[in-house]
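One-based numbering along the sequence shown.
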Amino acid sequence: MEATAHVSAPVLAAYRYCEAVTGQQARNFAYGIRLLPADKRQAMSALYAFSRRVDDIGDGALATAEKEQRLAETRGVLARIKDGEVAEDDTDPVAVALADAAQRFPLPLGGLDELIDGVLMDVRGETYETWDDLKVYCRCVAGAIGRLSLGVFGTVPGAPEADRAAEYADTLGLALQLTNILRDVREDAGNGRTYLPTEDLEKFGCAAGFHGPVPPPGADFTGLVHFEVRRARALFAEGFRLLPMLDRRSGACVAAMAGIYHRLLRRIADDPGAVLRGRVSLPGHEKAFVAVRGLSGLDARAIGRRQAVRRRG
């Protein structure tokens, strides 16, 4: 059993609550963080549980005004955490755990304000004309989480390009979010949401949207998906430059989580129409295989070799 830094019983209970939320609600995320030592795993669970609370407000059935009020209240909880005003015996276990994690790790908690800003964009039904517009949203809901996670992981001493680690973590978050958008295109359309840039939809004749298992008449849906897949792959390639900067277990965690989404992207590219027929996912045994590769360092070493070849070329 792993040794962990001493924490009080109320704080330990708060972390256990956050770990239970993570295990129940975030299978891909949980596959990655199980590779971390206990203190980092606890901190990542606290980040996830708070983020999940924000997302659940945005995705819920409340009226817009009530969602905005709930998000404002959640921002108030975050302000209390930042100001060190959350006691160990507070009745909110997520706040207790996140407050403790912020004392143990250099978390840029402003990233959670960005997450709230991004969910407010969802609540207000914002759409995105260009990729640059969509990037703002993706940075709020995913890039910020990448930067927060880096606060837990840290970088190894003397790592090359360590000054760009936050940039790469942010970019990897964008890659994961764009993959999510492609995976969920039909589900989001059913909920009245469109995330892909309007100019991309128009370019491929898909401006009418996606409301069934087949593309709209005359639409080049395959062309649209392949276009977005190329964009996501470029983001992955850039974001994966973070891996050599992390210690072995943190790198394994990132390689596992990102590797699952990278494989999911490959599956979407192989069969673009699948995202209109149902939810595309990876079976558990394949996720486990990705996790093992991450822990062994195979993915990180392979990525490092490819980057070295590109630099020489």
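The residues Glu66 and Arg70 are annotated as salt-bridged, a charged nitrogen and a carboxylate oxygen being separated by less than 4.0 angstrom. Salt-bridge formation is not detected for the pair Arg266/Asp270: no Lys NZ or Arg NE/NH1/NH2 atom is positioned less than 4.0 Å from an Asp or Glu carboxylate oxygen. Between Asp55 and Arg52 no salt bridge is recorded (no basic side-chain N to carboxylate O distance below 4.0 Å). With salt bridges taken as basic N to acidic carboxylate O contacts below 4.0 Å, none links Arg267 and Asp271.
A donor-acceptor pair is defined here as one N or O able to donate and one able to accept, closer than 3.5 Å; no such pair exists between the side chain of His262 and the backbone of Phe236. The backbone N or O of Val86 sits nowhere less than 3.5 Å from a side-chain atom of Arg80 that would complete a donor-acceptor pair. The main-chain N or O of Leu36 is found under 3.5 Å from a side-chain atom of Arg249 such that the two form a donor-acceptor pair. Checking side-chain atoms of Asn191 against main-chain N and O of Arg193 turns up no donor-acceptor pair under 3.5 Å. Between the side chain of Lys67 and the main chain of Gly60, a donor-acceptor pair closer than 3.5 Å is present. Between the side chain of Asp184 and the backbone N or O of Glu187 there is no donor-acceptor pair closer than 3.5 Å. The backbone N or O of Asp92 sits less than 3.5 Å from a side-chain atom of Asp90, completing a donor-acceptor pair.
Proximity of Pro197 to Glu228: side-chain heavy atoms (C-beta onward) are separated by under 4.5 Å at one or more points. Counting only heavy atoms from C-beta outward, the side chains of Leu265 and Val229 approach each other to under 4.5 Å. The shortest distance between side-chain heavy atoms of Asp117 and Arg75 falls below 4.5 Å. The side-chain heavy atoms of Cys138 and Ile181, taken from C-beta on, include a pair separated by under 4.5 Å. Pro10 is not listed as a side-chain neighbour of Val96, based on a closest heavy-atom distance of 4.5 Å or more. Ser8 is listed as a side-chain neighbour of Val11, based on a closest heavy-atom distance under 4.5 Å.
A donor-acceptor pair shorter than 3.5 Å can be found between the side chains of Tyr168 and Glu161. Side-chain contact of Tyr195 with Asp122: a donor-acceptor pair under 3.5 Å is present, judged by distance alone.
Contact record, Glu68 with Val123: CG-CG1, 4.2 Å, taken as the closest heavy-atom pair. For Val141 against Val119, the heavy-atom pair with the smallest separation is CG1-N, 4.3 Å. The shortest non-hydrogen separation linking Ser45 to Cys18 is O-CB, 3.6 Å.
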- Message: Pair Asn180, Tyr261 - check side-chain contact (heavy atoms from CB on, under 4.5 Å), show working.
- Response: CA-CA 8 Å; Asn180 270 337; Tyr261 281 89; 3.2 Å; yes
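Between Phe153 and Phe105, a ring centre-to-centre spacing not shorter than 6.0 Å is recorded. Tyr128 and Tyr137 have their aromatic ring centers within a separation under 6.0 angstrom.
Just one of Arg164, Arg233, Arg231 meets the salt bridge (Lys or Arg N to Asp or Glu O under 4.0 Å) condition when paired with Glu238; it is Arg164.
A distance of 14.5 Å separates CD1 of Ile268 from CZ of Arg263, quoted to the nearest 0.5 Å.
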